[in-house]
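In the text below, chain A, chain B and the rest are named by the order of the sequence lines, each starting its count at 1.
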Protein chains: 2
Amino acid sequence: MSATVVLVDDHAMFRSGVRAELGQRVDVIGEAGSVAEAIAVVTEKRPDVVLLDVHMPEGGGLAVLEALGPALPDTRFLALSVSDAAEDVIAIIRAGARGYVTKTISADELADAVARVADGDVVFSPRLAGFVLDAFQDSPVAPAVDPEIDQLTPREREVLRLLARGYAYKEIASQLFISIKTVETHASNVLRKLQLSNRHQLTRWAVDRRML
Amino acid sequence: MSATVVLVDDHAMFRSGVRAELGQRVDVIGEAGSVAEAIAVVTEKRPDVVLLDVHMPEGGGLAVLEALGPALPDTRFLALSVSDAAEDVIAIIRAGARGYVTKTISADELADAVARVADGDVVFSPRLAGFVLDAFQDSPVAPAVDPEIDQLTPREREVLRLLARGYAYKEIASQLFISIKTVETHASNVLRKLQLSNRHQLTRWAVDRRML
DNA sequence: CAGCGCATCAGGCACTCCCCCGAGGCGCGG
DNA sequence: CCGCGCCTCGGGGGAGTGCCTGATGCGCTG
C-alpha cells in the first residue's frame with residue numbers, strides 16, 4: 001500500500017533519478033515536465049502526492065498549485081526545490097502545499113517525506129519551517145489593539161479567552177482552580193468593560209479580533 | 001555541548017520523569033511548577049530551550065510565552081502538552097513557540113526535539129503542523145462540506161445562522177415572526193443534527209466553517 | 001497606616017437556554 | 001385518503017447566565 005505519486009520537474013534527468021531512487025518505496029504513476037503537462041497528468045491520475053518542483057518555466061510549481069489545489073482536496077502537494085529562500089517557501093505553503101524539502105535531501109529522506117505527506121503530515125527540511133512560523137506570526141492582519149482590552153486585568157483576560165471559546169462558567173472554574181462565583185465576577189467585569197451584554201456578543205467580539 | 005533546558009510543568013512528578021529521561025542528553029539547569037516561577041527561573045537561567053507545559057493554572061504556557069517571549073529572543077520555547085487540539089497548537093505557535101509536541105512522545109524523541117529546537121529547527125508532533133498551516137492559509141485545505149448540514153431543513157438553517165451570530169431566542173423569534181417556542185424547537189433540532197450540546201459550540205462550529 | 005486595585009467567594013434573583021412531552025396544520029407522494 | 005416531513009406552538013423543569021449586594025485578604029502606594 002505505498003502512496004501513488006506524480007513527479008513534476010522540468011528536468012527529465014532529475015525525474016529519472018527520483019524515479020529510480022523512489023521506485024522501490026512509492027508508486028510513481030506519472031510524470032510531467034511543464035506546468036501544462038502537470039495539470040493534465042495530475043488531473044487524470046489523481047495521485048496521493050504530487051512531488052512538485054518550484055522553479056519551472058510558465059510560473060513553476062506555484063502555477064500548478066493555484067490551478068489544481070482547490071480542485072483536488074484529496075491530493076497533497078510536496079514542494080521539492082533547489083531554493084531555500086524564505087519567500088519561495090512561504091509562497092508555496094500559502095498556495096496550499098503540505099511540505100517543502102530541498103533537493104539536497106537523500107533518497108531515503110525523500111521517500112519518508114512523501115510517505116508522511118501522503119499520511120497527512122506536514123514535512124519541512126530543517127530550518128525552512130521557521131520561515132513559515134515567522135510569516136505566520138507577522139501575519140495578523142489587524143493587530144489593532146482596542147483601548148477597552150487594556151482596561152482588563154490579567155485574570156479578566158484569561159476568563160475572557162475561555163468565555164469566548166465557549167466554555168461554561170463551571171468548566172472555566174475547573175480549569176483555573178477557582179470557584180464558579182469568582183468566574184461570574186470576572187465575566188461580569190469583562191462584559192461591563194467591553195460594553196457587551198452577554199457572552200454571545202462576546203464570542204462575536206472575539207471572532208472579529210481573531211482571538212479564536 | 002548539550003543544550004541548556006528549563007522545565008516548566010505544574011506536575012512535579014512529570015518534571016522528575018523528564019529530568020531523569022533527558023538528563024543524559026541535555027543539560028536541565030532549572031525547573032518551575034507555576035507561571036510565576038517559570039518567569040523568574042527562565043529570566044535568571046537564560047536557557048537555550050524552555051520545555052513548556054501548555055495547561056497550567058494562571059494561564060499556562062501561553063501566559064509564560066506572552067510574558068517572556070519578546071524579552072528573550074535567544075531563548076526557544078518548545079510546547080509540551082497532553083492536548084492535541086488545534087486551538088491550543090495555534091495559540092502557542094502564534095505566541096512564539098518554535099515547536100509543539102504531545103506528552104505521548106518517547107524520551108528519545110523528546111531529547112531529539114529539544115536538540116533540534118535548540119539548533120534553530122521547528123519541531124511538531126506528526127499532524128499537529130497541519131493545524132498551523134491551515135490557520136496560516138486563508139483557504140483551508142479541507143473545505144470539507146459536512147454531511148450533517150444537508151440534514152437541516154431550510155428553516156433550521158435560518159435559525160442556525162441567527163443562533164451562530166449570537167441572537168437570543170427572543171430576538172430570533174421577532175426577526176422570523178414566529179414564537180419563541182418554535183425557535184427553541186428548531187434550535188434543538190439543529191443542535192441534535194449537528195451533534196452539538198449548546199449554542200457556544202455552535203458558534204465555534206460556524207466560525208470554523210466561515211459562516212460568520 | 002490608610003487607601004486602593006485586584007482576586008477571591010457567598011446568597012439571592014430574574015432571565016435564558018435546552019430538553020422533555022405533546023399537539024395541530026399544511027403540502028406532497030404513494 | 002393516509003402517511004410523512006416540515007413548520008408551527010404550548011407546559012414544565014433543570015441547568016446555565018448575568019447582575020446585585022456584600023465580604024475577605026493581599027500587595028502596592030502615598
Side-chain angles (χ1 to χ4, degrees), chain A residues 147-207, chain B residues 10 34-40 56-60 62-64 66-67 147-207:
Chain A
E148 288 103 342
I149 204 168
D150 293 335
Q151 301 174 3
L152 299 182
T153 67
R155 202 54 161 171
E156 284 165 357
R157 265 181 264 255
E158 187 68 19
V159 173
L160 159 61
R161 193 179 129 265
L162 296 172
L163 274 175
R165 288 173 180 233
Y167 291 106
Y169 287 169
K170 188 188 296 182
E171 295 171 321
I172 297 174
S174 296
Q175 286 198 30
L176 300 182
F177 299 104
I178 57 181
S179 85
I180 293 178
K181 278 298 180 180
T182 306
V183 176
E184 289 180 17
T185 301
H186 290 313
S188 185
N189 290 335
V190 168
L191 291 178
R192 182 176 39 77
K193 288 182 179 178
L194 299 183
Q195 299 179 326
L196 303 173
S197 60
N198 60 48
R199 58 178 303 160
H200 316 315
Q201 293 179 14
L202 192 148
T203 299
R204 299 212 58 201
W205 184 93
V207 169
Chain B
D10 55 335
S34 69
V35 171
E37 197 182 352
I39 293 172
M56 290 189 296
E58 303 160 40
L62 209 54
V64 177
E66 285 167 356
E148 288 102 341
I149 203 168
D150 293 334
Q151 301 174 2
L152 299 183
T153 68
R155 203 55 161 173
E156 284 166 358
R157 267 181 257 256
E158 187 69 18
V159 172
L160 160 61
R161 193 179 128 265
L162 296 172
L163 274 175
R165 289 172 183 240
Y167 291 104
Y169 287 169
K170 189 188 294 183
E171 295 170 321
I172 297 174
S174 297
Q175 286 197 31
L176 300 182
F177 300 104
I178 56 180
S179 85
I180 293 179
K181 276 301 180 179
T182 305
V183 176
E184 289 181 13
T185 301
H186 289 314
S188 185
N189 289 335
V190 169
L191 291 178
R192 179 176 41 77
K193 288 182 180 179
L194 299 184
Q195 297 179 326
L196 302 174
S197 60
N198 60 48
R199 57 179 304 158
H200 315 315
Q201 292 180 14
L202 193 148
T203 298
R204 299 210 61 203
W205 183 92
V207 169

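- Within the structure, every pair that satisfies the salt bridge (Lys or Arg N to Asp or Glu O under 4.0 Å) test and touches residues 172-184 of chain A, not counting sequence neighbours, is listed here: A:Lys181-A:Glu184.
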Checklist entry - Tell me, for nucleotides 16-30 of chain C in 5' to 3' order, what letter each nucleotide earns: B for a base near a protein heavy atom under 4.0 Å, S for only sugar-phosphate near one, - for neither? => result SSBB-----------

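- Residues satisfying the side chain to side chain contact (heavy atoms under 4.5 Å, CB included) test with A:Ser188, not counting sequence neighbours, are none.
- Every side chain to side chain donor-acceptor pair (under 3.5 Å) that B:Gln201 has, sequence neighbours left out, goes to B:Ser197.
- Partners of A:Leu191 according to the side chain to side chain contact (heavy atoms under 4.5 Å, CB included) rule, which considers only residues two or more places apart in sequence or in another chain, are A:Leu196, A:Leu202.
- Contacts of A:Lys170 classified as side chain to side chain donor-acceptor pair (under 3.5 Å), with partners at least two apart in sequence or in another chain: none.
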Polar atom pairs (N or O), protein with nucleotides 26-30 of chain D, under 3.5 Å:
none

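- With sequence neighbours left out, A:Ala173 forms a side chain to side chain contact (heavy atoms under 4.5 Å, CB included) with A:Ile180, A:Val183.
- For the pair A:Ile180 CD1 and C:dG12 C1', the interatomic distance rounds to 15 Å; values are reported in whole Å.
- Residues that satisfy the side chain to side chain donor-acceptor pair (under 3.5 Å) test with A:Thr182, not counting sequence neighbours, are A:Ser179.
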Nucleotides 4-7 of chain D: which of its N/O atoms have a protein N/O under 3.5 Å away?
| from | atom 1 | to | atom 2 | distance (Å) |
| --- | --- | --- | --- | --- |
| D:dC7 | OP1 | B:Arg155 | N | 3.0 |
| D:dC7 | OP2 | B:Thr153 | OG1 | 2.3 |

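- When A:Leu163, A:Thr185, A:Val190 are each tested for a side-chain contact (heavy atoms from CB on, under 4.5 Å) with A:Glu156, only one passes: A:Val190.
- Identified under the ring-ring contact (aromatic ring centres under 6.0 Å, His included) test for residues 165-200 of chain B, with sequence neighbours left out: A:His200-B:His200.
- When the side chain to side chain donor-acceptor pair (under 3.5 Å) test is applied to B:Glu158, the partners found at least two apart in sequence or on another chain are B:Arg161.
- If you take CD of A:Gln195 and P of D:dC19, they are 13 Å apart, rounded to a whole angstrom.
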